[in-house]
Structure formats: structure tokens, C-alpha cells
Visitor: 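Below is the structure I would like to discuss, written out as C-alpha cells.
All values below come from the heavy atoms of this structure, side chains included, with hydrogens, waters and symmetry mates left out.
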Amino acid sequence: ATSENPVTACDSYSWNGTTYTLSGSYTNTFTGANGCDSTVTLPLTINASTTSTETATACDSYVWACNGQTYNATGMYTCTSLNAAGCVNTATLDLTINASTTSTETVTACDSYVWACNGQTYNASGSYTCTSLNAAGCVNTATLNLTINASSTSTETVTACDSYVWACN
């Protein structure tokens, strides 16, 4: 009896017309040219391929560590690599991409304006930005186009006999 060198394979191994899917020590008997039987033993290790699933949610884009690719759309993606046993691992990514948003608000106010986006008081006309999270948990960049009009005061001196009707009120 002789022994072959140990063999390690992924998922299955074919030897002398037989396919093996489990690790073990397998023997095969051959009849040699001299008519004598010869037994050969094959020490076989079968390692399994694997699968894995990853679920991810991201804003705008996602870089998958499995393959280093950037994904910009919701979908199912696959990537193959080697597992610890040296066999194929097929990874599936169930990806949800949510979008960042922008919004614009145009306001005219007298003297000052308190912007609800950030609680700040503005006393001058201008364009201001504020970031917050939208309903999807992504960034919303709000722009405030603000016009501040100044209140004014005036003094009027009037002399009248008996009564006076003031045009202001």
C-alpha cells in the first residue's frame, strides 16, 4: 500500500473518477501490469466556500471594504474574495443610499431675524447657511437669503387750533 501526498481542495475533489465532497482518507485499489493489486490512500481535506451578507445604509455614497468600490445607488452588490481556508467567499451587500438635500429660504424682515434652522439672530442682509439632518439622516444644507430693512423714526412738529388729525394713524 502506498499513500499519496495530502491534498487540500475547496468544495470537492475528483480522484480516479470519483468526486469527494467530504474530508477523509480514501483508498483505491489498482491492478498493476504484473497482475498484482496495489492499494493507494489519499489523505483529503475539503474546505468549504462561504457566503456572507452585509446590510448598509449610507448618505450619498458608500465605499465597500470588500472591493474598494464606491456605490452611489441603492441595490444588491456582490464581491468575491478568499476566506480563511483559501476558498471563495461570495459577499453580498444590501445597500440603501439616502440623499443629502438642500433648501433655500428668502426672507425680508425689519431690523433683525431669528432663523429657526440654527436659532441665530441676524441684523444684516446677506446670504447665510445652516446644516442639519434631513428625515433620512443625511445632511441638509439650508440657505437663507435675508433682506433686513431698518425701522425708522421721525419727529413732526405741528401747531393746530382746537384739533388735529394725524395722517400717521
Visitor: Please step through side chain to side chain contact (heavy atoms under 4.5 Å, CB included) for the pair Glu105 and Thr143, ending with a clear verdict.
Guide: CA-CA 6 Å; Glu105 189 176 342; Thr143 300; over 6 Å; no

Visitor: Measure the CG-CG distance between Asn123 and Asp111 for me, rounded to the nearest 0.5 Å.
Guide: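 If we round to the nearest 0.5 Å, Asn123:CG and Asp111:CG are 8.5 Å apart.
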
Visitor: Hydrogens and angles aside, do Thr19 and Ser14 bring a side-chain donor and acceptor to less than 3.5 Å of each other?
Guide: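 There is such a pair between these side chains.
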
Visitor: Under 4.5 Å between any side-chain heavy atoms of Val7 and Leu42, yes or no?
Guide: yes

Visitor: When clusters are formed from ILVMFWY side-chain contacts under 4.5 Å, directly or step by step, what else is grouped with Val88?
Guide: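 Hydrophobic cluster check, Val88: no partners found.
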
Visitor: Check which hydrophobic residues are tied to Tyr122 through side-chain heavy-atom contacts below 4.5 Å, counting indirect links as well, and list them.
Guide: Val107, Tyr113, Trp115, Tyr128, Leu144, Leu146, Ile148

Visitor: Quick one: CG on Asp37 to OG1 on Thr29, what's the gap to the nearest 0.5 Å?
Guide: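 Answer for the CG-OG1 pair, Asp37 versus Thr29, is 6.5 Å.
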
Visitor: Does the side chain of Thr8 reach to within under 4.5 Å of the side chain of Asn47, using non-hydrogen atoms?
Guide: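 Yes, their side chains come closer than 4.5 Å.
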
Visitor: Which atom names give the shortest non-hydrogen contact between Thr80 and Thr90, and what distance separates them?
Guide: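 The pair with the smallest heavy-atom distance is CG2-OG1, 3.8 Å.
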
Visitor: Measure the shortest side-chain to side-chain distance between Thr92 and Thr51 over non-hydrogen atoms and say whether it is less than 4.5 angstrom.
Guide: no

Visitor: For the atom pair CG (Asn28) and OG1 (Thr18), what is the distance rounded to the nearest 0.5 Å?
Guide: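 These two atoms lie 7.0 Å from each other.
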
Visitor: Step by step, work out the side chain to side chain contact (heavy atoms under 4.5 Å, CB included) result for Thr21 and Ile46.
Guide: CA-CA 6 Å; Thr21 58; Ile46 297 291; 5.5 Å; no

Visitor: Go through the side-chain N and O atoms of Thr101 and Asn140 and say whether any donor and acceptor fall under 3.5 Å apart.
Guide: yes

Visitor: Got Asp94 and Thr55 here, is their nearest side-chain heavy-atom distance under 4.5 Å?
Guide: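 Yes. Closest side-chain heavy atoms under 4.5 Å.
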
Visitor: Give the minimum heavy-atom separation between Asn145 and Ser127, together with the two atoms involved.
Guide: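 For Asn145 and Ser127, the tightest heavy-atom pair comes out as OD1-OG, 3.2 Å.
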
Visitor: Rounded at 0.5 Å granularity, tell me how far OG in Ser12 sits from CG in Leu44.
Guide: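 Here the interatomic distance stands at 9.5 Å.
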
Visitor: Give, for atom SG of Cys87 and atom CG of Asp11, the distance between the pair rounded to the nearest 0.5 Å.
Guide: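 CG of Asp11 is found 6.0 Å from SG of Cys87.
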
Visitor: Please check: side-chain N/O of Thr121 versus main-chain N/O of Val114, any donor-acceptor pairing under 3.5 Å?
Guide: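 Not at all, since once roles are kept as given, no pair shorter than 3.5 Å links the two residues.
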
Visitor: Looking at CG of Leu93 and CD of Gln69, how far apart are the two atoms once the value is rounded to the nearest 0.5 Å?
Guide: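 Those atoms lie 10.5 Å apart.
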
Visitor: Given 3.5 Å as the limit, does a donor-acceptor pair link the side chain of Asn83 with the main chain of Ala48, or not?
Guide: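 Pair found, side chain donor or acceptor close to backbone of Ala48.
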
Visitor: Could you check whether the rings of Phe30 and Trp15 sit parallel, tilted or perpendicular, using 30° and 60° as the cut-offs?
Guide: perpendicular

